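Order of the sequence lines fixes the chain letters, A, B, ..., with proteins taken first and strands second; residue numbering starts at 1 for each chain. Small disclaimer: the values here were computed from a predicted structure and weren't measured.
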Amino acid sequence: MALCNMMSVVRAAVGGLAGLCRAHGHQRAPLQSCLKTCAAGLKTYPVTPDYSDVLLPEKPKLKFLNKVPNLKKAKKEHKKLRDIQGPAKLANSFTSGQYAIVAMGGGYLHWGHLEMIRLTINRKIDARTTFARWRINAPYKPITRKGLGQRMGGGKGAIDHYVTPVRYGRLVVEVGGKVELGEVEHILTEVAKKLPFPAKVVSRESLEEMQRNQKEMEENNQNPWTFERIAHGNMMGIRRVLSPFDLHNNGRFTGKFHLPGRV
Amino acid sequence: MAATLCTKLLRNQGWAPLIQSVRHGSKAVTRHRKPLHIIKQKLLAVTQYIPPPRVVPPGAYPAENKCVQEDAGLSLILKKDLKKVFEESKMVAVVQKNGSNAEDMMILKHRLCKHGIKVKFFPNQVTRSFLSDSVYCNMAPLFIGPTVLFVSKEPKVKEMLSALRASPQMTLLGACIDNTLLSAQGVVSYSKLPSVTVVQGELVSGLTMLTSRTASMLQHHPARLSALLRQYVKQQSPDDGAEAAPKAEAAT
């Protein structure tokens, strides 16, 4: 009896509620807040890039490079600073990776630099999605040093350490995999700041753009007098103050430095 | 040091230089930027890159090939809704809401719902892109700031205005009623217009006024008609005289 009463009460209550809802159906039906402040624009989410064709190698991390090359007899070498001068002919384009550090000047990288690069990159990249590649050799050029406080003379010093020469435009490390530039950029800039020469983080497209811009500048230069024209023609006897190196590089390089904005 | 140098040179059995300069400049590749010869400096200054002359400063005009982004997903749905709204409703009013609470909005919505006016929210970017494609492109400047659309099938302007007068934060910007753009003052004057039936009735009565009046006059008592005509003749007599009198007599 009590149960039946309860059920009838409940049914009445539900009926009453339903009646109310029907009366204000236009308001209750969508259960939205009455005040909707729309943003002026609409956020569109771009489609994530497709990485299905990217192949990750077996060993994604940078390998260890030796401090000293494996030679039976180490020979002392001349200083040969021309391996720093001028633009790079080798290893200045991408092979397997998407993003790289490119040298914007000349310099020597020794084992300490290479270890720093290796450790930073190996620590920071995710081995499951990214891989990294060296684009420079292990140090092979011997640098000699005399002992402390020695006077001039007495022959060439002993080999102190080995270095790798790097020219302008050479790629140092390449990074690739199922990542975008934004994910990898901060790691590579951290490394690039610590290198002994100015360096820049590039992707394939940005490197192409740099080269394209240089070509465009050369093509639409309004100045009728170019370095190449004057140097090759030895106008005003300018070869007196220019070196054969300047002839090759058309005034874009001075020593190990690259002069930007020169055509 | 000099001894070793001398012995090496003497050993070569060649030519020994008479003057040996101890001072020498730095090598070609230095850690610092080597100071350039003044003539080389002049050469570099003369052969600098000169870019092609720009007729228009950059940023003066909008980019020629503005990449038109394709709308994806939500914006397409919203545009379909907008299209339906514009097709169905005769009246579309744009109202700017500044600082009204949910409570005020709810009351306003309730008042408008009673007359069949719906309140719609759309993002401005979507509305503007939709309007630029459709016929209603001149409504685009209305959609700036926090705007709300009031749509209804019947143009019930008076009720809408009365509801808006109650809420001071809502400002009417403009409306598109029966495919005609109206400003705020236009809407107010539209509300003061009489309804269609009333206007039609007035027009019909104006056209048939002459015939109805003559019919009513002819239905009067003949004595009254003759009295009226005699008065008319008397009025005409100072102007025409004998011509009017026989005409009036011929009529009776």
Side-chain angles (χ1 to χ4, degrees), chain A residues 24 26-27 32-47 79-86 106-107 151-155 196 217-231 235-238 240-243 245-246 250-251 254-257 259 261-263, chain B residues 1-5 26-34 36-44 46-53 69-75 78 97 100-110 113-114 118-119 121-129 143-148:
Chain A
H24 302 274
H26 48 268
Q27 274 172 19
Q32 281 170 354
S33 67
C34 292
L35 187 70
K36 191 158 99 174
T37 316
C38 279
L42 212 60
K43 183 148 175 78
T44 45
Y45 297 92
V47 183
K79 219 178 287 266
K80 240 173 49 181
L81 288 170
R82 58 180 183 271
D83 51 15
I84 308 297
Q85 255 188 351
R151 297 210 170 186
M152 291 286 109
M217 271 170 69
E218 278 166 28
E219 276 164 22
N220 60 20
N221 185 12
Q222 301 295 305
N223 195 348
W225 299 108
T226 53
F227 193 102
E228 189 183 342
R229 184 179 166 196
I230 296 177
M235 299 185 178
M236 312 266 294
I238 201 116
R240 197 167 74 90
V241 296
L242 297 180
S243 76
F245 168 78
D246 290 317
N250 297 333
T254 331
K256 64 175 184 171
F257 302 105
L259 305 170
R262 288 226 44 99
V263 157
Chain B
M1 184 273 282
T4 46
L5 210 70
S26 46
K27 298 201 169 169
V29 180
T30 48
R31 289 177 203 212
H32 63 280
R33 298 233 170 187
K34 246 169 74 159
L36 302 171
H37 198 280
I38 184 67
I39 300 198
K40 192 171 176 191
Q41 279 178 42
K42 286 184 189 175
L43 172 66
L44 289 174
V46 163
T47 55
Q48 268 171 358
Y49 170 67
I50 297 178
Q69 271 185 335
E70 263 188 34
D71 308 305
L74 189 60
S75 39
L78 288 171
K97 67 172 199 312
S100 65
N101 326 339
E103 196 190 330
D104 293 337
M105 274 307 284
M106 201 159 75
I107 295 167
L108 186 71
K109 261 191 173 177
H110 179 69
C113 267
K114 275 193 263 183
K118 290 192 208 151
V119 181
F121 296 87
F122 287 106
N124 281 346
Q125 199 189 55
V126 167
T127 6
R128 258 184 247 133
S129 66
F143 291 94
I144 291 173
T147 49
V148 185

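In this structure, chain B has a heavy atom under 4.5 Å from the side chain of A/V263, while its backbone stays farther away. Contact annotation for B/L78: only side-chain heavy atoms (C-beta onward) come within less than 4.5 Å of a heavy atom of chain A. Using a 4.5 Å cut-off between heavy atoms, B/P52 touches chain A through backbone and side chain atoms alike. Looking at A/T254, only its side chain comes within 4.5 Å of chain B, counting heavy atoms on both sides. Heavy atoms of B/K40 lying under 4.5 Å from chain A belong to its backbone as well as its side chain. For a residue to count as touching a neighbouring chain, one of its non-hydrogen atoms must lie under 4.5 Å from one of that chain's; by this rule A/I230 touches chain B with the side chain only. Within the 4.5 angstrom heavy-atom criterion, no atom of B/I144 approaches chain A. Contact annotation for B/F122: only backbone heavy atoms (N, CA, C, O) come within less than 4.5 Å of a heavy atom of chain A.
We find that B/D104 and B/K97 are not joined by a salt bridge, their nearest charged nitrogen and carboxylate oxygen being 4.0 Å or further apart.
Each of B/V148, B/T127, B/T147, B/N124 has some count of heavy-atom pairs under 4.5 Å with chain A, and the biggest count is that of B/N124. The greatest number of non-hydrogen atom pairs below 4.5 Å with chain B, out of A/L81, A/T226, A/L242, A/D246, is found for A/L81. Your options are B/K118, B/R31, B/E103, and the one with the most heavy-atom pairs under 4.5 Å with chain A is B/R31. Contact count versus chain B (heavy atoms, under 4.5 Å) is highest, among A/I238, A/N221, A/I84, for A/N221.
We find the CZ-CG distance between A/F227 and A/L259 to be 9.5 Å, quoted to the nearest 0.5 Å. The NZ atom of B/K42 sits 6.0 Å away from atom CD1 of B/I39, with the distance rounded to the nearest 0.5 Å.
A/M236 CE: 12 or fewer foreign heavy atoms inside a 6.0 Å radius. Counting heavy atoms of neighbouring residues, nucleotides and ligands inside a 6.0 Å radius, atom CZ of A/R262 exceeds 12 of them.
In this structure, B/R33 forms a cation-pi arrangement with A/F257, its terminal cationic atom sitting closer than 6.0 Å to the ring centre and no more than 45° off the ring axis.
Of the possible donor and acceptor atoms, one in the side chain of B/Q41 sits under 3.5 Å from a partner among the backbone N and O of B/L36.
The side chain to side chain donor-acceptor pair (under 3.5 Å) search around A/N223 returns none, not counting sequence neighbours.
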